[in-house]
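In what follows, a single structure is set out as structure tokens and then discussed.
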Amino acid sequence: MREAYSFDHDGVPVTMRVGDLLEEGDPRAVGREQFLEPAQEAAQRAAGATSASVETATAAPGERRTRGKAAQ
């Protein structure tokens with residue numbers, strides 16, 4: 001799911017969140033296709049984002065880590 005959305009189903013509010021999986025033809029998705037993406041694409045995007053955006057807390061062998069100046 002690309003974007004969260006909510007709707008009423010028989011007077012009951014339903015919220016769909018990013019990461020929720022729906023099967024093809026699920027009535028909760030009908031008419032809301034602009035919010036959805038294939039699960040495989042979402043998994044590939046998430047895997048790429050995780051590896052690129054995680055910073056290690058310690059220095060690798062031979063690497064020097066320094067602290068930046070505190071913002072004032």
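Reckoned from all heavy atoms, side chains included, excluding hydrogens, waters and symmetry mates. The model shown is predicted, which means the values in this text are computed figures rather than measured ones.
At most 12 non-hydrogen atoms from other residues, nucleotides or ligands lie less than 6.0 angstrom from CD of Gln40.
The line from CZ of Arg2 to CD of Glu41 is 7.0 Å long, rounded to the nearest 0.5 Å.
Judged by distance alone, the side chain of Glu63 and the main-chain N or O of Pro61 form no donor-acceptor pair under 3.5 Å.
Counting only residues at least two apart or in different chains, side chain to side chain donor-acceptor pair (under 3.5 Å) contacts with residues 13-24 are absent. Among residue pairs with one or both ends in residues 14-33, none qualify as ring pair (Phe, Tyr, Trp, His ring centres under 6.0 Å); sequence neighbours excluded.
Nearest heavy-atom pair across Ala39 and Leu21 is CB-CD2, 4.1 Å.
Clustering of Ile, Leu, Val, Met, Phe, Trp and Tyr side chains at separations under 4.5 Å places Phe35 together with Met1, Tyr5, Phe7, Val14, Met16, Leu22, Leu36.
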